[in-house]
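All values reported here derive from a predicted model rather than from experimental measurement. Reckoned from all heavy atoms, side chains included, excluding hydrogens, waters and symmetry mates.
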Amino acid sequence: MATYEPFYNRTMELPEELLVGAIDSHVHAGPVLRSNPGHFDPIQVAEMARAAGMRTILYYDVFGWASGTAWMVNRYMKDFRTYGGYLMNSAHGGMNPRAVRTALNLGDGCRMISFGSHCTYHSASTESTLVEGKLVPFKDAIPGFAEKELSRAVRIPLDGPVPDELKQILEMVAERPEVYLNTGHVSGPEALRVVELAEEYGIKKVLVAHPARQLLTIEQQKEVARKGFFLEACAVDFGGPWMPQTHYYVERELMGMGSIVHGRAMSWLQGIRDVGPSQFVLATDYGVRVLPSPIEGMRMMISMLLYFGFSVEEVQTMTATNPARLIGLD
């Protein structure tokens, strides 16, 4: 394999070669709601990753414990091991210490605890639906949404005492050096507060999710990197189409949401360059019908990084070395 890519002598082969040994730490592969545009099942994605020579994948499941999914896939695929994480979504009681304890002891591959996805207070209060051609937040457009969903959404206190349930969760993650804490879809200030609490409770590995969604400034991202924590760069943040991609809520009136793409490719790539690749983890956040497969998403990201001048070593740092450190592999 080449150690660098000459600008005037690019090949189609190098991105595929760099898939060998790569890790996708953000894969959605079901099970999902019947209305959700999901397609590949967990075994299909694992088989594709194995065929491409990837090292492993880590499943996200917004409706269950993905470490259980990984356990079943690993029982089926003896020569390719997968991992899972747990998202503290409202369907499981949000910040629920018992659910987190269950996740950490379910199967043998739980490597991530996240503060949730669509049902954090930040996401639940900003996700929208189209009303007369304009985006209107669910909380303003759907009667009862604020009372039912915002009241149980995950929210990180920015100051004051740490709630007991959050304290228990931080302590459990701190006791598991193989597990990392994921900020999930919280707001920028909340993500920074999670980083502070992780340091306070002795958690060694944190992943700040989706910084490309302009929740953190470049200087704030640099500060996270200086602390030794990781920042996530997801294909979905530059390659997602302008249409709904996932459904979290069962109610049909909450499925017509308009999708706002956070940032575009140029700013996404420049952000990585400004902060530096040393603490970035590349992942796809793919697995739904309107997007390519996670494996193709990873190949696309690698191709873009090479095109914009990132070295082979920098690409491998973000696709192989850092994800392995994050998940706790040799």
Within a reach of under 6.0 Å around [atom1] of [X], are more than 12 heavy atoms found that belong to other residues, nucleotides or ligands?
X: D159; atom1: CG; answer: no
X: R98; atom1: CZ; answer: no
X: R299; atom1: CZ; answer: yes

| What orientation do Y86 and W65 show, parallel under 30°, tilted 30 to 60°, or perpendicular over 60°? | parallel
So [Y] and [X], do their side chains get closer than 4.5 Å, heavy atoms only?
X: V315; Y: L306; result: yes
X: F229; Y: V208; result: no
X: M88; Y: I169; result: yes

Check for me, please, whether [X] and [Y] land in the same ILVMFWY cluster - side-chain distances under 4.5 Å, paths through other members count.
X: L19; Y: M77; result: yes
X: V312; Y: V20; result: no
X: Y307; Y: W268; result: yes
X: L158; Y: V162; result: no
X: Y201; Y: I156; result: yes

Would you find a donor on one side and an acceptor on the other, under 3.5 Å apart, between the side chain of [X] and the backbone of [Y]?
X: R176; Y: L104; value: yes
X: N89; Y: V62; value: yes
X: S303; Y: P15; value: no
X: K204; Y: P177; value: no
X: T82; Y: F80; value: no
X: Q221; Y: L216; value: yes
X: Q220; Y: L192; value: no
X: D237; Y: A233; value: no
X: S123; Y: T120; value: no
X: T319; Y: L282; value: no

Measure the [atom1]-[atom2] distance between [X] and [Y] for me, rounded to the nearest 0.5 Å.
X: F145; Y: S151; atom1: CZ; atom2: OG; value: 10.0 Å
X: Q279; Y: E232; atom1: CD; atom2: CD; value: 14.0 Å
X: L326; Y: K205; atom1: CG; atom2: NZ; value: 6.0 Å
X: D61; Y: T69; atom1: CG; atom2: OG1; value: 5.5 Å
X: I43; Y: M48; atom1: CD1; atom2: CE; value: 12.0 Å

| By the rule that ILVMFWY residues connect when side-chain heavy atoms come within less than 4.5 angstrom, directly or transitively, which residues belong alongside V131? |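 Members alongside V131: V136.
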| message | What I want to check is whether the side chains of S187 and E190 have a donor and an acceptor closer together than 3.5 Å. | response | yes
| Quick one: is the NZ or CZ of R273 closer than 6.0 Å to the six-membered ring centre of F310, and within 45° of its axis? | yes
| request: Show your reasoning for whether side chain to side chain donor-acceptor pair (under 3.5 Å) applies to D24 and T284. | output: CA-CA 7 Å; D24 190 349; T284 63; 2.6 Å; yes
Please report the shortest heavy-atom distance between [X] and [Y], naming the atom on each side.
X: F63; Y: P31; value: CD1-O, 3.9 Å
X: H92; Y: A99; value: O-CB, 4.1 Å
X: Y121; Y: L150; value: CD1-O, 3.9 Å
X: T183; Y: A209; value: OG1-N, 2.9 Å
X: A103; Y: S67; value: O-OG, 3.5 Å
X: R155; Y: P157; value: O-CD, 3.6 Å

| note | Sorted by chain and residue number, the side chain to side chain donor-acceptor pair (under 3.5 Å) partners of E47 (sequence neighbours excluded) come out as none
| Ionic contact status for R111 with E178, cut-off 4.0 Å |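 Salt bridge: no.
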| request: Among I57, I327, L58, find the one that has a side chain to side chain contact (heavy atoms under 4.5 Å, CB included) with I23. | output: I327
| Per the side chain to side chain contact (heavy atoms under 4.5 Å, CB included) rule, which among E314, E313, Q316 passes with P277? | E314
| Which salt bridge (charged side-chain N to carboxylate O under 4.0 Å, His left out) pairs, counting each pair once, include a residue from residues 134-147, with sequence neighbours left out? | none
| request: Before giving the answer on side chain to side chain contact (heavy atoms under 4.5 Å, CB included), spell out for M318 and I272 the whole-Å C-alpha distance, their side-chain angles and the decisive distance to 0.1 Å. | output: CA-CA 10 Å; M318 294 185 284; I272 297 174; 3.8 Å; yes
| said: Pair H118, E127 - check side chain to side chain donor-acceptor pair (under 3.5 Å), show working. | reply: CA-CA 8 Å; H118 297 276; E127 286 191 346; 2.5 Å; yes
| Aromatic contact, H210 with H185 (centres under 6.0 Å) | yes
| field | Test applied, ring pair (Phe, Tyr, Trp, His ring centres under 6.0 Å); reference residue, H28; option that passes from Y59, Y60, F40 | value | Y60
